[in-house]
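What follows is one structure encoded as structure tokens, with my remarks underneath.
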Amino acid sequence: MAYEPQPTYLRHLLLSSNKQTTFGTALADANMTYRSRFDGGGMWVRTAKEYFSDAERAGKGHPWPTVRQQIAIDTTFGGQFDLDDFLAGFLPAFLLHKVVTSGVGPYTHTFTFDPTTTRIAPVTTVYAEDLAAQQIKYPDVVLTSLTISGAEKGPLQVSFEAIGSGKRATDPVTLPALPTPVYLIGNDTDILIGAPAAAASIKERVRGWSVTFTNGVVMHRAPGGGLYPTFAKIGLPRVSVQLSVAAKDTEDIETLFINDTLQELQINTNSGAAAQLNLKLLNLRFIAEPAAEGMEKIWNLSADGGRDVTKGAGNYVEAVAINSQATYLVAA
């Protein structure tokens, strides 16, 4: 019997720059303003249920289960984006959790980790249409990992993982107009390495790069909480980096590695007055491994966030987004 095939281009995803005022209470439809473009085959939302079973209990007279009782629900998300002007702020907002905004159109948003002020992570709401049959609003969503990467051309790439409380509601939202995004492009990216406060551009030598942020957020469960968690709890924030850099006639990279030299790394993308993202790691020491790319010598640099990236006089890491979005992380 024939069926109606469902192409992935019919999927939709709405995001909000707002955080929820109350955990467990979804944002109103009016706040779901950003209609995203995404990899239809790579984006996923999974609802998992946990059950208690008496399969291994004695007293039944047989080895098979007779009880299947639901005890918990969880939601996980993941996928990929081409990085655009809105997402350049949205993603670090719900991964790093602290923002200071200045300017008036364009706006400058500086995001940092701030684990000493609060251990409770801000959460937002995600709306997903998985073809015509599923129109679901997911509250209590927060990112747990984010990787931003770039090459010599094309949009910067983002992969992410997020978690939610497990709550969901069939709650159709009228889709806003499809925006015209401004993508942040690898062609427009400058990479700087050097002593703290004296980093210099090495962009022509870079073959590729990635920066990964994690925050250790978990959903908090306690006795009496029922099937769902009661808030999102911040864990250990970390940032790690990988760079592929061409060697030159004087082995500057090897010297940095051998001498364990403290460095600053900046990755600055400027694709327009209102489409910028600047990533800055203020204190790090690289691990360097030699490799070959065709007939050219390459250094693969890495810095592990739990060991090689340290806290100095400034922030552990900064992400600065400049765009036309006025606010992020405003309660609604």
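In this chain, residues are counted from 1 in sequence order. Note that the structure is a prediction, hence the values are computed from the model and not measured. All values below come from the heavy atoms of this structure, side chains included, with hydrogens, waters and symmetry mates left out.
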CD of Q263 to CD1 of I193, rounded to nearest 0.5 Å, is 7.0 Å
With the side chain counted from C-beta on, respond yes when Y127 and Q135 share a heavy-atom pair under 4.5 Å apart, and no when they do not.
-> yes
Say whether, by atom type as modelled, one donor and one acceptor occur between the side chain of N315 and the main chain of V317 under 3.5 angstrom.
-> no
Centres of the F111 and F94 rings: under 6.0 Å?
-> no
Any side-chain heavy-atom pair from T108 and I322 closer than 4.5 angstrom?
-> yes
Nearest heavy-atom pair of K19 and L329: which atoms, and what distance?
-> CE-O, 3.3 Å
Could you tell me whether R207 and E296 have a side-chain N and a carboxylate O separated by less than 4.0 Å?
-> yes
Any donor and acceptor pair, going by atom type alone, linking the side chain of N268 with main-chain N or O of N278 inside 3.5 Å?
-> no
Indicate yes or no for a side-chain donor-acceptor contact from R205 to the backbone of A246 under 3.5 Å, with no hydrogens or angles considered.
-> yes
Side chain to side chain donor-acceptor pair (under 3.5 Å) between S201 and D190, worked out = CA-CA 7 Å; S201 178; D190 194 5; 2.6 Å; yes
Is F286 linked to L282 within one hydrophobic cluster, defined over Ile, Leu, Val, Met, Phe, Trp and Tyr using a side-chain heavy-atom separation of less than 4.5 Å?
-> no
Verify whether one side chain among Q157 and D82 offers a donor that lies under 3.5 Å from an acceptor in the other.
-> yes
Salt bridge flag under 4.0 Å for residues K297 and E251 | yes
Can you find a side-chain donor-acceptor pair between N323 and Q325 that sits under 3.5 Å?
-> no
List in chain and number order the residues that pass side chain to side chain contact (heavy atoms under 4.5 Å, CB included) with P7, two or more places apart in sequence or in another chain; answer none if no residue qualifies.
-> Y9, L10
Common cluster, F160/V45, ILVMFWY with side-chain heavy-atom separation under 4.5 Å | yes
Any sub-3.5 Å donor-acceptor pair from D308's side-chain atoms to L284's backbone N or O?
-> no
Write down the atom of R37, the atom of F81, and the distance for their closest heavy-atom approach.
-> O-CD2, 3.4 Å
Distance only, no hydrogens: is a donor on one side chain within 3.5 Å (strictly under) of an acceptor on the other, for S271 and D188?
-> yes
Side-chain contact, heavy-atom cut-off 4.5 Å: T66 with W64?
-> no
Polar side chain donor-acceptor pair, T310 to N283, under 3.5 angstrom = no
So, R221 side chain and L227 main chain: donor-acceptor pair closer than 3.5 Å or not?
-> yes
Does T124 reach the main-chain N or O of N18 with its side chain, forming a donor-acceptor pair under 3.5 Å?
-> yes
Does CD belonging to E204 count more than 12 external heavy atoms closer than 6.0 Å?
-> no
Around atom NZ of K60, are there more than 12 heavy atoms of other residues, nucleotides or ligands at under 6.0 Å?
-> yes
Pairwise distance CD(E161) to OG1(T76) - rounded to 0.5 angstrom = 8.5 Å
Check L146 against P92 and note the closest heavy-atom contact, atom names and distance.
-> CD2-N, 4.2 Å
Where do W209 and L156 land on the side chain to side chain contact (heavy atoms under 4.5 Å, CB included) test, with the steps shown first?
-> CA-CA 10 Å; W209 59 270; L156 303 188; 3.8 Å; yes
Applying side chain to side chain contact (heavy atoms under 4.5 Å, CB included), run through L15 and V126 and close with a yes or a no.
-> CA-CA 5 Å; L15 305 174; V126 171; 4.0 Å; yes
Does one side chain, of Q20 or T125, offer a donor that lies under 3.5 Å from an acceptor on the other?
-> yes
Shortest non-hydrogen separation from S145 to T214 and the atoms involved | CB-CG2, 3.9 Å
Distance in Å, L27 CG paired with M32 CE, rounded so as to fall on 0.5 Å steps | 6.0 Å
Heavy-atom closest pair, residues A28 and K137 | C-NZ, 4.2 Å
State, to 0.1 Å, how close R285 and T261 come at their nearest heavy-atom pair, and which atoms those are.
-> CG-O, 3.7 Å
Could you tell me whether the side chain of L279 reaches within less than 4.5 Å of the side chain of F213, counting heavy atoms only?
-> yes
What side-chain donor-acceptor pairs closer than 3.5 Å can you find for residues 229-243, not counting sequence neighbours?
unit_1	atom_1	unit_2	atom_2	d
K233	NZ	H220	ND1	3.1
S240	OG	G305	N	2.9

Just by distance, do the side chain of S36 and the backbone of F38 share a donor-acceptor pair under 3.5 Å?
-> no
Quick one: do V218 and L95 end up in the same hydrophobic cluster if we chain Ile, Leu, Val, Met, Phe, Trp and Tyr together by side-chain heavy atoms under 4.5 Å apart?
-> no
